[in-house]
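Worksheet: one structure, shown below.
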Amino acid sequence: MKMFRLDNKVAIVTGGAGLYGKPISSALAEAGAQVIIASRDEFKCQSFAEELKAQNLKAEGMSLDLADEQSIHQFTQKIIKTHGRIDVLINNAVSREGLKDLEDITKEEWEKAQGINSTGMILLTQAVIRTMREHGAGNIVNIGSIQGTVGPNFPVYGDTGMSSPLNYTYDKWAMVGFTKWIANYYGKFNIRANCISPGGYGPGVEKMTGKDEFIENYKRLTPLGRFADDEDIKGPVVFLASDASAFITGHNLLVDGGWTSW
């Protein structure tokens, strides 16, 4: 259907060559968008862009350091100079450095992560939304988590040594509120903002050694009884980034196999 197409759209994916970034970038490119794959690892982004271009898709890898305001400014200006516009912004990048429990984290670790997950995301959105306003349209999709919808279920990890860190929960709850603020304030400029909150996605998780207790607990507590794969992530991204969701804004779409529905 044409309403799901993203032809002639310029879409940014932060963390675009990472765990979530790859299927997100692939999905947007397959829908026809010119995808800008961005992260601090420019080589990794360019390498993945080449993989997509080998499939006759439109992609470009670029350097972006969300902890550096100058990098954010240069990044957005380069895209505008090259492509003339930014239609879609996928805020996907997340710093996993210093993710710890409350009593273990230091002030420096907290602030370093926030420099990317909070301040960096806001500054990039600020820069992008200015050009969206000029063009009278835009679409922002924030990649959250079920940890921004329900509290962590610590017993699910059992004795595996795995946990759910404080700052991840803090950041993902904040992202949902940020999404709704953007949606409500900028709707009058024809700019939409939505959030996708995945759960149970992690390629290779079922092959991890020593994690059987977590794997079985997680599947048992998920109504669909399985983990998510790339296709489960790609569909919702294209839906929210395209005109198929033209009358949806301020929404947090749960992509979790039913985990949060209990």
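Only a predicted model underlies this, so the values are computations on that prediction, with no experimental measurement involved.
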Report task. Measure the spacing between CG of Asn167 and OG of Ser118 and express it to the nearest 0.5 Å. Result -> 11.5 Å
Requested in this report: Could you give me the CA-CA distance, side-chain angles and deciding distance for Asp7 and Lys9, then say whether salt bridge (charged side-chain N to carboxylate O under 4.0 Å, His left out) is met?
Outcome: CA-CA 5 Å; Asp7 300 299; Lys9 300 292 186 182; over 6 Å; no
**Report entry** Atom of Ile37, atom of Ala17 and distance for their closest heavy-atom approach
**Finding:** CG2-N, 3.7 Å
Report task. Evaluate the side-chain proximity of Gln70 to Gln74: yes if any heavy-atom separation is below 4.5 Å, no if none is. Result -> yes
Query raised in the report: Distance from Thr119 atom OG1 to Leu124 atom CG, nearest 0.5 Å?
Result: 12.5 Å
Query raised in the report: Okay, side chain of Tyr218, backbone of Phe227: is any donor-acceptor separation there less than 3.5 Å?
Result: no
Query raised in the report: Picking from Leu89, Val88, Ile36, Ile80, what satisfies side-chain contact (heavy atoms from CB on, under 4.5 Å) with Val10?
Result: Ile36
Requested in this report: Answer yes or no: is there a side-chain heavy-atom contact under 4.5 Å between Asp230 and Asp232?
Outcome: no
Report task. May I ask you to test the Ile72-Leu66 pair for a side-chain heavy-atom distance under 4.5 Å? Result -> yes
Query raised in the report: Below 4.5 Å, heavy atoms only, C-beta onward: do Ile90 and Thr14 meet side chain to side chain?
Result: no
Query raised in the report: With distance as the sole test, does Glu213 use its side chain to make a donor-acceptor pair with the main-chain N or O of Asp159 at under 3.5 Å?
Result: yes
Query raised in the report: Can you check whether His251's main-chain N or O pairs, donor with acceptor, with Asn194's side chain at less than 3.5 Å?
Result: yes
Query - Backbone N/O of Val176 and side chain of Asn252: donor-acceptor pair under 3.5 Å - result: no
Query - Sidechain N-carboxylate O distance under 4.0 Å for Lys53, Glu50 - result: yes
Query raised in the report: Checking Asn117 side chain against Val94 main chain: does a donor-acceptor pair fall under 3.5 Å?
Result: no
Query raised in the report: Could you go step by step and tell me if Val255 and Leu253 meet the side-chain contact (heavy atoms from CB on, under 4.5 Å) rule?
Result: CA-CA 6 Å; Val255 183; Leu253 179 60; 4.1 Å; yes
**Report entry** Sub-4.5 Å side-chain heavy-atom contact between Asp101 and Asp104
**Finding:** yes
**Report entry** Residues, nucleotides or ligands: over 12 heavy atoms within 6.0 Å of Lys188 NZ
**Finding:** yes
Query raised in the report: Is a side-chain N or O of Lys172 found less than 3.5 angstrom from the main chain of Ser145, in a donor-acceptor match?
Result: no
Requested in this report: Report the C-alpha distance between Arg133 and Ile191 in whole Å, list the side-chain angles of each, state the deciding distance to 0.1 Å, and finish with yes or no for side-chain contact (heavy atoms from CB on, under 4.5 Å).
Outcome: CA-CA 8 Å; Arg133 280 187 62 175; Ile191 295 171; 3.9 Å; yes
Query - Straight-line distance of Asp87 CG to Ile12 CD1, nearest 0.5 Å - result: 10.0 Å
Query raised in the report: If you count the non-hydrogen atoms of other residues, nucleotides and ligands that lie under 6.0 Å from NZ in Lys112, is the total more than 12?
Result: no
**Report entry** Aromatic contact, Tyr170 with Trp110 (centres under 6.0 Å)
**Finding:** yes
**Report entry** Minimum heavy-atom distance Tyr157-Ser164, with the two atoms named
**Finding:** OH-CB, 3.6 Å
Query raised in the report: According to the side-chain hydrogen bond (donor to acceptor under 3.5 Å, both in side chains) rule, which pairs have a member within residues 24-40, sequence neighbours left out?
Result: Glu30-Lys234
Query - Sub-4.5 Å side-chain heavy-atom contact between Cys45 and Ser63 - result: no
**Report entry** Donor-acceptor under 3.5 Å (Thr160 side chain, Met162 main chain)
**Finding:** yes
Query raised in the report: Do Thr125 and Met121 pass the side-chain contact (heavy atoms from CB on, under 4.5 Å) test, and can you show the C-alpha distance, the side-chain angles, and the key distance before you say yes or no?
Result: CA-CA 6 Å; Thr125 305; Met121 179 187 69; 4.3 Å; yes
Query raised in the report: If you measure from CG on Asn91 to CG on Asn142, what distance do you get to the nearest 0.5 Å?
Result: 4.5 Å
Query raised in the report: When you check the side-chain N and O atoms of Glu51 and Gln55, is any donor under 3.5 Å from an acceptor?
Result: no
Requested in this report: Check for a donor-acceptor pair, side chain of Asn92 on one end and backbone N or O of Ile143 on the other, with a separation under 3.5 Å.
Outcome: no
Query raised in the report: Distance-only, no hydrogens or angles: does the Thr249 side chain make a donor-acceptor pair with backbone N or O of Arg192 under 3.5 Å?
Result: no
Query raised in the report: So, for Ala29 and Leu52, which heavy atoms are closest and what is the spacing to 0.1 Å?
Result: CB-CD1, 4.4 Å
**Report entry** Distance (rounded to the nearest 0.5 Å) between Glu111 CD and Thr106 OG1
**Finding:** 9.0 Å
Report task. Grab the two heavy atoms, one from Asn139 and one from Ser242, that are nearest each other, plus how far apart they are. Result -> ND2-N, 4.1 Å
Query raised in the report: Quick one: are Phe239 and Ile196 in side-chain contact, heavy atoms under 4.5 Å?
Result: no
Query raised in the report: Would a line drawn from the ring center of Tyr20 to the ring center of Tyr201 be shorter than 6.0 Å?
Result: yes
Report task. Determine the interplanar angle of the Tyr185 and Phe189 rings, folded into 0 to 90°, and report it as parallel if under 30°, tilted if 30 to 60°, perpendicular if over 60°. Result -> tilted
Requested in this report: Show your reasoning for whether side-chain contact (heavy atoms from CB on, under 4.5 Å) applies to Asn153 and Trp259.
Outcome: CA-CA 11 Å; Asn153 184 338; Trp259 171 274; 4.1 Å; yes
Query raised in the report: Given side chains that start at C-beta, do those of Gln147 and Pro152 come closer than 4.5 Å, heavy atoms only?
Result: yes
Requested in this report: Please confirm whether the backbone N or O of Thr131 pairs with a side-chain atom of His135, one donor and one acceptor, at under 3.5 Å?
Outcome: yes
